A.B. asks: 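The following block contains the structure, expressed as structure tokens.
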Amino acid sequence: MFSGFFVPLQNYKDMDYIELRQYTTKQAMYYGVWLGALLVLKLVAEVMSDGSVGAFFSGFLMMLVPFVAYWLTLSFRRSITDTDVTFGTLLRFCIYLFFFGSMILAIAQFIYYKFINPDYIAQQVSHLTEALAKYSESQPSINDFLAQIKEVGVPSASTVAIQTVWINIVVGLILGLPIAGIVNKKFKG
């Protein structure tokens, strides 16, 4: 009945592929800690300062993320010497890298938004609605957006943390495409 379900490995090349997938996941977890630390540092810069210095530092860290992701992907590729690494493996590494890094950020966000400063999200929503209300007279479509914000209300800490994970996975995919291509080309040529 289940004879086709459990298929044994046919040759050593299949074994190399499975070992490479496991190694990719393990290395993405390890390097994801470093990316997560950078993202947490960016969060700290965002929430701890109201002035332009904090905004500048947070923006600088945000622009640093693609370069750090490239460097981490390059380090991962250099750690594999005897196996041919494909574009797909490097792309999977980038997506996993951002997934594990964003998990660390999500934990930090949840702790901050839930326990350290529970009013932070409500304050940000309030600032957003006040800023949008100023422009609602010149842009009538903003009134619809303001009505949606009032209808939905303030998101919870867990909702914001989960949204951050999903956003960073998409960012990992978008950044992973050129990064994987560049790293793959660098080692092919």
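Predicted model, so just to flag it, every value in this text is computed and none were measured.
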A.B. asks: Give a yes or no on whether Val40 and Val65 share a hydrophobic cluster (residues Ile, Leu, Val, Met, Phe, Trp, Tyr; joining criterion: side-chain heavy atoms under 4.5 Å apart).
C.D. replies: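 They do share one cluster, since a chain of ILVMFWY contacts under 4.5 Å joins Val40 to Val65.
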A.B. asks: Would Val44 and Ile104 show up in the same hydrophobic cluster when neighbours are defined by side-chain heavy atoms closer than 4.5 Å?
C.D. replies: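 Cluster IDs for Val44 and Ile104 match.
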A.B. asks: Would you call the rings of Phe56 and Phe60 parallel, tilted or perpendicular if under 30° counts as parallel and over 60° as perpendicular?
C.D. replies: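 Answer is parallel, since the angle falls under 30°.
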A.B. asks: Which heavy atom in Val160 sits nearest to a heavy atom in Ile121, and how many Å separate them?
C.D. replies: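 In terms of heavy atoms, the two residues are closest at CG2-CD1, 3.7 Å.
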A.B. asks: Hey, do the aromatic rings of Tyr112 and Tyr120 have their centres closer than 6.0 Å?
C.D. replies: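 Judged by ring-centre distance (under 6.0 Å), Tyr112 and Tyr120 do meet the cut-off.
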A.B. asks: Arg77 side chain to Ile80 main-chain N or O, any donor-acceptor pair under 3.5 Å?
C.D. replies: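 Side chain of Arg77 to backbone of Ile80, a donor-acceptor pair under 3.5 Å: yes, one is there.
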A.B. asks: Report yes or no: do Leu35 and Ile107 belong to one cluster of Ile/Leu/Val/Met/Phe/Trp/Tyr joined by side chain heavy-atom distances under 4.5 Å?
C.D. replies: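 Leu35 and Ile107: one cluster.
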A.B. asks: Would you check if the side chain of Thr86 reaches a backbone N or O of Thr89 as a donor-acceptor pair within less than 3.5 Å?
C.D. replies: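 The answer is yes, because a donor-acceptor pair under 3.5 Å joins these two groups.
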A.B. asks: Working note: Phe187 + Arg78, criterion side chain to side chain contact (heavy atoms under 4.5 Å, CB included); need CA distance, chi angles, decisive distance, verdict.
C.D. replies: CA-CA 9 Å; Phe187 279 88; Arg78 286 184 181 145; 3.5 Å; yes
A.B. asks: Is a side-chain N or O of Ser126 found less than 3.5 angstrom from the main chain of Ala122, in a donor-acceptor match?
C.D. replies: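 A pair under 3.5 Å: no.
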A.B. asks: Check whether any side-chain N or O of Asn184 sits under 3.5 Å from a backbone N or O of Ala180 as a donor-acceptor pair, and report yes or no.
C.D. replies: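 No: the side chain of Asn184 does not pair with the backbone of Ala180.
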A.B. asks: Closest heavy-atom contact between Cys94 and Gly176?
C.D. replies: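 Scanning both residues completely, I find the closest heavy atoms to be CB-CA, 3.7 Å.
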A.B. asks: Does Thr159 reach the main-chain N or O of Pro155 with its side chain, forming a donor-acceptor pair under 3.5 Å?
C.D. replies: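 Not at all, since once roles are kept as given, no pair shorter than 3.5 Å links the two residues.
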A.B. asks: What's the verdict on side chain to side chain contact (heavy atoms under 4.5 Å, CB included) for Phe100 and Tyr31, showing C-alpha distance, side-chain angles and the deciding distance?
C.D. replies: CA-CA 8 Å; Phe100 292 119; Tyr31 288 123; over 6 Å; no
A.B. asks: Please name the pair of heavy atoms, one in Leu38 and one in Leu64, separated by the smallest distance, quoted to 0.1 Å.
C.D. replies: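 Between these two residues, the closest heavy atoms are CD1-CD2, 4.3 Å.
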A.B. asks: With no hydrogens and no angle check, do the side chains of Ser79 and Tyr23 hold a donor and an acceptor under 3.5 Å apart?
C.D. replies: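 Yes - a donor-acceptor pair under 3.5 Å links their side chains.
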A.B. asks: Looking only at heavy atoms, which two atoms of Tyr113 and Leu43 are closest? And how far apart?
C.D. replies: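 That closest heavy-atom pairing would be OH-CD1, 3.7 Å.
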A.B. asks: Can you measure from OG1 (Thr73) to CG (Leu175) and round to the nearest 0.5 angstrom?
C.D. replies: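 Nearest 0.5 Å value for the OG1-CG distance: 9.5 Å.
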A.B. asks: Would you please test Tyr70 and Ile182 for side chain to side chain contact (heavy atoms under 4.5 Å, CB included) and show each step?
C.D. replies: CA-CA 9 Å; Tyr70 169 75; Ile182 292 168; 3.8 Å; yes
A.B. asks: If the plane angle is over 60° it's perpendicular, under 30° parallel, otherwise tilted; pick one for Phe76 and Phe93.
C.D. replies: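 Parallel, since the angle between the ring planes stays under 30°.
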A.B. asks: Show the numbers, then the answer: is there a side chain to side chain contact (heavy atoms under 4.5 Å, CB included) between Arg21 and Arg92?
C.D. replies: CA-CA 9 Å; Arg21 284 187 68 122; Arg92 184 181 322 109; 3.7 Å; yes
A.B. asks: Less than 4.5 Å apart, any side-chain heavy atom of Leu90 and any of Ile179?
C.D. replies: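 Side chain of Leu90 against side chain of Ile179, heavy atoms only: no contact under 4.5 Å found.
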A.B. asks: Just checking Glu130: does its CD atom have more than 12 heavy atoms from other residues, nucleotides or ligands closer to it than 6.0 angstrom?
C.D. replies: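 Yes, because the 6.0 Å sphere around CD of Glu130 holds more than 12 heavy atoms from other groups.
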A.B. asks: Hey, could you give me the CG/CG distance between Asn168 and Leu173, rounded to the nearest 0.5 Å?
C.D. replies: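 The distance works out to 12.5 Å.
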A.B. asks: Is it the case that one hydrophobic cluster holds both Leu97 and Ile169, taking links as side-chain heavy atoms less than 4.5 Å apart, direct or via other members?
C.D. replies: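 The answer is no; the residues belong to distinct hydrophobic clusters.
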A.B. asks: Please round to the nearest 0.5 Å and tell me the distance separating atom CD1 of Ile162 and atom CD1 of Ile167.
C.D. replies: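 One finds 12.0 Å between CD1 of Ile162 and CD1 of Ile167.
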A.B. asks: Backbone N or O of Trp71 within a donor-acceptor pair of the Ser75 side chain at under 3.5 Å?
C.D. replies: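 Checking the backbone N and O of Trp71 against the side chain of Ser75, a donor-acceptor pair under 3.5 Å is found.
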A.B. asks: To the nearest 0.5 Å, what is the distance between CD (Glu19) and NZ (Lys26)?
C.D. replies: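 Rounded to the nearest 0.5 Å, the CD-NZ separation comes out at 10.5 Å.
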A.B. asks: Checking the side chain of Ser58 only, and the main-chain atoms of Gly54 only, is there a donor and an acceptor separated by less than 3.5 Å?
C.D. replies: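 No; zero donor-acceptor contacts below 3.5 Å.
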A.B. asks: Over all heavy atoms of both residues, which pair between Phe87 and Gly181 is shortest? Give the atoms and the distance, please.
C.D. replies: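 Nearest pair, atom of Phe87 first, then Gly181: CE1-N, 3.3 Å.
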A.B. asks: Does any non-hydrogen side-chain atom of Val165 lie less than 4.5 Å from one of Leu105?
C.D. replies: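 No, side chains not in contact.
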A.B. asks: Count I, L, V, M, F, W, Y as connected when their side-chain heavy atoms are under 4.5 Å apart, and connections chain through other members. Are Phe57 and Leu39 then in the same cluster?
C.D. replies: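 Result: yes, single cluster for both.
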A.B. asks: Just how far is it from atom CD of Glu46 to atom CG of Leu61, taken to the nearest 0.5 Å?
C.D. replies: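 It is 9.0 Å, given to the nearest 0.5 Å.
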A.B. asks: Between NZ of Lys42 and CE of Met63, what distance do you get to the nearest 0.5 Å?
C.D. replies: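 Interatomic distance, Lys42 NZ to Met63 CE, rounded to 0.5 Å: 11.5 Å.
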